[in-house]
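First up is the structure itself, then whatever we jot down about it.
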Amino acid sequence: MTMATRVDGRKADEIRKLHIEAGVLPNATGSALVSLGETIALAAVYGPRMLHPKHLQASDKAVLSTVYSMVPFGTTERNRPGPSRRSIEIGKVTRQALEPAVFLAEFPKTTIDVFINILQADAGTRTAGINAASVALADAGIPMRDLVVAIAAGKIEGEYAIDLNGKEEELTDCDMPIAYMPKDNRITLLQMDGDMPLDDVRKVLDLSMKSCMQLYEAQKLALRNRWIKAAQQQEARTEG
Amino acid sequence: MTMATRVDGRKADEIRKLHIEAGVLPNATGSALVSLGETIALAAVYGPRMLHPKHLQASDKAVLSTVYSMVPFGTTERNRPGPSRRSIEIGKVTRQALEPAVFLAEFPKTTIDVFINILQADAGTRTAGINAASVALADAGIPMRDLVVAIAAGKIEGEYAIDLNGKEEELTDCDMPIAYMPKDNRITLLQMDGDMPLDDVRKVLDLSMKSCMQLYEAQKLALRNRWIKAAQQQEARTEG
Amino acid sequence: MTMATRVDGRKADEIRKLHIEAGVLPNATGSALVSLGETIALAAVYGPRMLHPKHLQASDKAVLSTVYSMVPFGTTERNRPGPSRRSIEIGKVTRQALEPAVFLAEFPKTTIDVFINILQADAGTRTAGINAASVALADAGIPMRDLVVAIAAGKIEGEYAIDLNGKEEELTDCDMPIAYMPKDNRITLLQMDGDMPLDDVRKVLDLSMKSCMQLYEAQKLALRNRWIKAAQQQEARTEG
Amino acid sequence: MIIDEGYIAALAAKGVRADKRQPFEYRKIEIQHSPFSKPEGSAIVKIGNSTVLAGIKLGVGVPFPDSPNEGVLIANAEFSPVASPEFEVGPPEEDAIELARIVDRGIRESHAIDMEKLCITAGEKVWMMNVDIHILNHDGNLIDASVLAATAALMNAKMPEYDGEKINYDVKKKKLPLKWKPVAVTFAKIGNAIIVDPTFEESKVLDAGLTVSTKDDGNICSIQKSGSAGFTREEIDMLLGKAVEMGKELREKLSHDASILKF
Amino acid sequence: MIIDEGYIAALAAKGVRADKRQPFEYRKIEIQHSPFSKPEGSAIVKIGNSTVLAGIKLGVGVPFPDSPNEGVLIANAEFSPVASPEFEVGPPEEDAIELARIVDRGIRESHAIDMEKLCITAGEKVWMMNVDIHILNHDGNLIDASVLAATAALMNAKMPEYDGEKINYDVKKKKLPLKWKPVAVTFAKIGNAIIVDPTFEESKVLDAGLTVSTKDDGNICSIQKSGSAGFTREEIDMLLGKAVEMGKELREKLSHDASILKF
Amino acid sequence: MIIDEGYIAALAAKGVRADKRQPFEYRKIEIQHSPFSKPEGSAIVKIGNSTVLAGIKLGVGVPFPDSPNEGVLIANAEFSPVASPEFEVGPPEEDAIELARIVDRGIRESHAIDMEKLCITAGEKVWMMNVDIHILNHDGNLIDASVLAATAALMNAKMPEYDGEKINYDVKKKKLPLKWKPVAVTFAKIGNAIIVDPTFEESKVLDAGLTVSTKDDGNICSIQKSGSAGFTREEIDMLLGKAVEMGKELREKLSHDASILKF
């Protein structure tokens, strides 16, 4: 396995320009905005709140619900609003990527709703969405075992690289997103499409997990900034 | 502002041939048929009746529900059955035009359902529908503050006119429907699309409100005829 | 009325090669597979089971529900999955063909669900489905007044014939399916499309009812085989 | 609406009906031809208090690949919630679909319209004929009323002019190529009694129903059994005969215009 | 969310608002032009805590038969569940549809865009202009925010190149043929008090609402009354005047870019 | 269906399974090629009591603009309510969609079919290949059964003749251009135990699942993690290896025809 050289000058294992901001939506219990290059994901968390109708409740834990959707103007060609087979599948794997991180048993009979809006799509939207959702859950004050970090890898001219952008992705049919909880060494999402020898899969996993640690620090920093700001606002209000 | 001259010989402030008949549908609690030229609107009122499911009920008043729809053969080109964005919006503004007239607080937890069917569309369907609904509500014996009368105004070759027919409407992009409760001087529906100086809007409002009084008399006459007929039938039954 | 001669050498009143097998689906309460030439129908029965939501329950009997559908690859041109107007109507007449046979009053508040899947369609699918459903209901141990047998008749070059196959059906626009309970002499489904003098309808009914008796024996044989096999399995388990 | 099922059934057992009709007597039938100007053909039919509108709209479209030189017939039925308090929570889709399909097959299978005459350019352009049924008041036997209304609308329909590019709906002259006037006759079995033209109440308690459509030549063009019970073979034979007979009477009514735009 | 309706209404009666604004005072308005690179035009508009995105996408399609030499405008609005706990069980379709139609008519009826300039080949190919509104945080008065966002996005939109066969979204140069900048002003009547720019709480207790859209020349291009009560004629006359006046101020804000990608 | 979750989980902890299988042992697998005559290719696959049908239908259509010289693959899966009492209230859409997408990608991303050979006229006409999965009895591990059934149906499919205008479904001769035979292997983690080919009961109590599809050359062409828990990196590495190994065995079974039309 050799490393790819890239049009935008990045190294094979280098992620795009990353920006994470927590607490961006006043109405939501928690929220976060993640941009990774041109890809922009927004997540809002509402809850825990009572789940209706009753027969959907779980008596011993909260139900985590995730909806993934894209704004119609977020892609080069306008994409029609409303759920697609793709967005329904992504909603499911996103939920399963987040569930291991949340102490759901603390909120029986409730629902915790995570809404992910892709505001702009330039590859890597499902992993950007998971990063945004992770920060939004923490911002909502929901008890978590760990943050969930996610990144996708792919192939450029036969060589592997991390965090492909849209132009790069057009030229490949290899895509391997993962989500990861570093503290416990848990891989909570793993998908792959393409054609890879067993050994390559393992090596790409190594690469991706390394990048995950970068996202881990960025998520923690964004939350720290959010709490500092909230404290300052609180102080200003008390003084005011 | 000058007045328009019209293909069908009407004066600018003259409405089309009007016919109102109350009590046309045996099954409905109240009903009315309104024809205004070639435009024919039918309204049926069912209720007050208990609203299910319970969480839709209002504990302190009846919920007024209005559905506006058009028969598929009511237009020059067949129009597909089922709700459209246009019919949903008209349903909403129709409901809001009628609500101020109905003593909803008298029937908590119930629904009063108003169904408007446009049997033939030749412009002015939403206002014809409101007139039909007003008479149908009264025919249903539902306590009302006042009848609601409605008419639309538009422009013909740059000049304003009342109650455009379909041919006239094709040539204009100005449309201003209003609904009005004369007793209390309440405008309960007002919409406008077009391009009008402020002063013109006010003058057209004057025109429309004048026509409204004509419709007011016609609605009252139709209800009177209905009650006379009902009394005669009652008498016949008693004697028979 | 004269009799048709047929491409596949069958006599006018001869049905296609018939195979019926009961108890083919482990999960279902009862099930059956019926093939009639190239037409293959599968029926699964679930229930009686409590019907939810409650307001759909009948307090004095079970509700019989029937859903008729076709696999997408069951026809020459792929047919889109999901209910069509045709399949909804067939679901209804199938239910009404079966209801007279089932002692519904024995299971108040429950539903008995009959799902019919046409695995391959070569004409006569609704009657094949009814035969499969009849055997599946019996296989489910649901108390029945009688089995329901069904067959369709049509026209070939102006002459009547029983159990048309797909090629034959393409050339005719006459179709007359019936369902029949022999014990009580009850016709529980009768449909006809075409153009037939009154006398012909009666003669074709005679033909169809004769074929029905053949299906009646075949249904009974399939159930007998099923019970023998079940008893043997039971014995083997006890000894094992 | 509370229906005393026991009462209706008890009456039926005695051969008596709540509205005093004979078992094989229709309610009053009124037909108005062309009540509307927008559709190419239209009719209002009342059977007792059941009121049904039918409208025919013609457009130009592409024929089906397997019948390139025939016009296209599309029949549709809507149970408007104006028609019955039962339709409160949404009309019974199954029944509306069955009704539409009976109207559709009644016209299609009887070859009531010469569909080849609705071809403009084979394989490319044909007339699309929409027959829409709109129920305004439901007091039973919607099928017979709907088939009557559809046939009446076909009789009075006039085709708009078409210049090969655009339809001119302002000029309508030519009649539709109508060959037959199909009508439907619906029977209901309540206990052991059999009646024609069931009211709403009667159809709520019926055990089985049978609709038979016939053409002008007395041939049967469509049969549909309904309801949760069966008919004996003898009953079927009797009713098929009755339907041919009563169909003739209904067909005669189609020539008269009752001219009431009052439902 | 628990709203003390009595409190808000009592305040209104005294001409006072919970956030201390004057009756005819808007909240802080922020507009960011072109926050996104994928859409041809885009804007974020905040009015207080209400946050709205607008995006313009251009494609090539077939014109409507009755306007063969005009581009096609399609406006759509989505109430994303991120925007409010109220949208939990699915956003209120009726309100989203009304909002979309007000934005649509605000652009269409004011002739804000010269649609004939969006024709490529008459009767065959024209630009399809999608204006999509996406609500991110709902704190009332979504209409004014949405119309502002749509107009801003139209102002900054640039058309992609089209060589007659394919659109090249990588090269965008030409501006849209924008003739007018429509803006909407929304009033609410609570009891007898009338205010502008209602918050979420205020819109929950309002008796009636009135939205008036105006153009740069002060002409009115759209009116929409809402709510369950009526206005007197005198109130309407007063508010139409106010709308013309306040519309001017809003339109001025459109030239400034607040440049915040922070909702 | 009542499942004793504690019991299954307790067994798993001891490395034991309710049906006495070894952790990495499949249930009995039966494959029938071409059970149906209408579809171009078809198969029935049973893994234990899970029964799945696959059918291939070919039609002619227009290629996607971005791959003008390739045929079109459309995979779909239906959870028929015949398959399980769980599907009573409508099958779980999410799971059916995921299954369809795994089958789709298993064929597409492995380049199992040479899609360029399904091009008839570049940019104009290509073969549309529909792969439909129909579940008849659900006893767990539907993914492996469905991928096996789809691959089997691709193996036995024969293309109908096409004369440039019409498809003749009565004459089918040529095989599909099949390059690879993808198969899927699904693991489940229950507590700390890991097993292959979970039954319905086992899949109800699993904490996490992993499906790995491989090609004839041992390359991995698709991975899908499921379930509400995670895997450690070490577990993933182990299971990828296992999947390559067990995939080989599954692929061998595809050459044999168990020939039972009995579910």
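Every chain is numbered from 1 and lettered A, B, ... according to where its sequence line falls, protein lines coming before strand lines.
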Hey, can you dump all donor-acceptor pairs under 3.5 Å between chain F and chain A, distances included?
| unit_1 | atom_1 | unit_2 | atom_2 | d |
| --- | --- | --- | --- | --- |
| F:A75 | O | A:R85 | NH1 | 3.2 |
| F:A75 | O | A:R85 | NH2 | 3.0 |
| F:N76 | OD1 | A:R85 | NH1 | 3.3 |
| F:E94 | OE1 | A:R95 | NH1 | 3.3 |
| F:E94 | OE1 | A:R95 | NH2 | 3.2 |
| F:E94 | OE2 | A:R95 | NH1 | 2.9 |
| F:D95 | OD1 | A:K92 | NZ | 2.7 |
| F:E98 | OE1 | A:K92 | NZ | 2.6 |
| F:R101 | NE | A:E89 | OE1 | 2.3 |
| F:R101 | NH2 | A:E89 | OE1 | 3.3 |
| F:R105 | NE | A:D193 | OD1 | 3.1 |
| F:R105 | NE | A:D193 | OD2 | 3.4 |
| F:R105 | NH1 | A:E89 | OE1 | 2.9 |
| F:R105 | NH1 | A:E89 | OE2 | 3.2 |
| F:R105 | NH2 | A:E89 | OE2 | 3.1 |
| F:H111 | NE2 | A:D173 | OD2 | 2.9 |
| F:K215 | NZ | A:D195 | OD1 | 3.2 |
| F:K215 | NZ | A:D195 | OD2 | 2.5 |
| F:N219 | ND2 | A:D195 | OD1 | 2.8 |
| F:I220 | N | A:M196 | O | 2.8 |
| F:I220 | O | A:M196 | N | 2.9 |
| F:C221 | O | A:G194 | N | 3.2 |
| F:I223 | N | A:M192 | O | 2.9 |
| F:I223 | O | A:M192 | N | 3.0 |
| F:Q224 | OE1 | A:Q191 | NE2 | 2.6 |
| F:Q224 | NE2 | A:E89 | OE2 | 2.8 |
| F:K225 | N | A:L190 | O | 2.8 |
| F:K225 | NZ | A:Q96 | O | 3.4 |
| F:K225 | NZ | A:T188 | O | 2.7 |
| F:G227 | N | A:Q96 | OE1 | 3.3 |
| F:S228 | OG | A:E99 | OE1 | 2.5 |
| F:F231 | N | A:I187 | O | 3.0 |
| F:F231 | O | A:I187 | N | 2.6 |
| F:R233 | NH1 | A:D206 | OD1 | 2.6 |
| F:R233 | NH2 | A:R202 | O | 2.9 |
| F:R233 | NH2 | A:D206 | OD1 | 3.3 |
| F:E234 | OE1 | A:N185 | ND2 | 3.1 |
| F:D237 | O | A:R202 | NH2 | 2.8 |

Partner residues of F:H134 under the ring-ring contact (aromatic ring centres under 6.0 Å, His included) criterion, sequence neighbours left out: none
By a 4.5 Å heavy-atom criterion (distance strictly below it), what part of A:M181 contacts chain F: side chain, backbone, both, or neither? neither
Drop me the distance from A:L205's CG to F:L240's CG, to the nearest 0.5 angstrom. 7.0 Å
May I ask you to name which of A:L98, A:I88, A:L64 has the most heavy-atom pairs under 4.5 Å with chain F? A:I88
Relative to chain F, which segment of A:L189 carries a heavy atom at a distance below 4.5 Å: side chain, backbone, both, or neither? backbone
Report which part of F:I236 has an atom under 4.5 Å of a heavy atom belonging to chain A: side chain, backbone, both, or neither. side chain
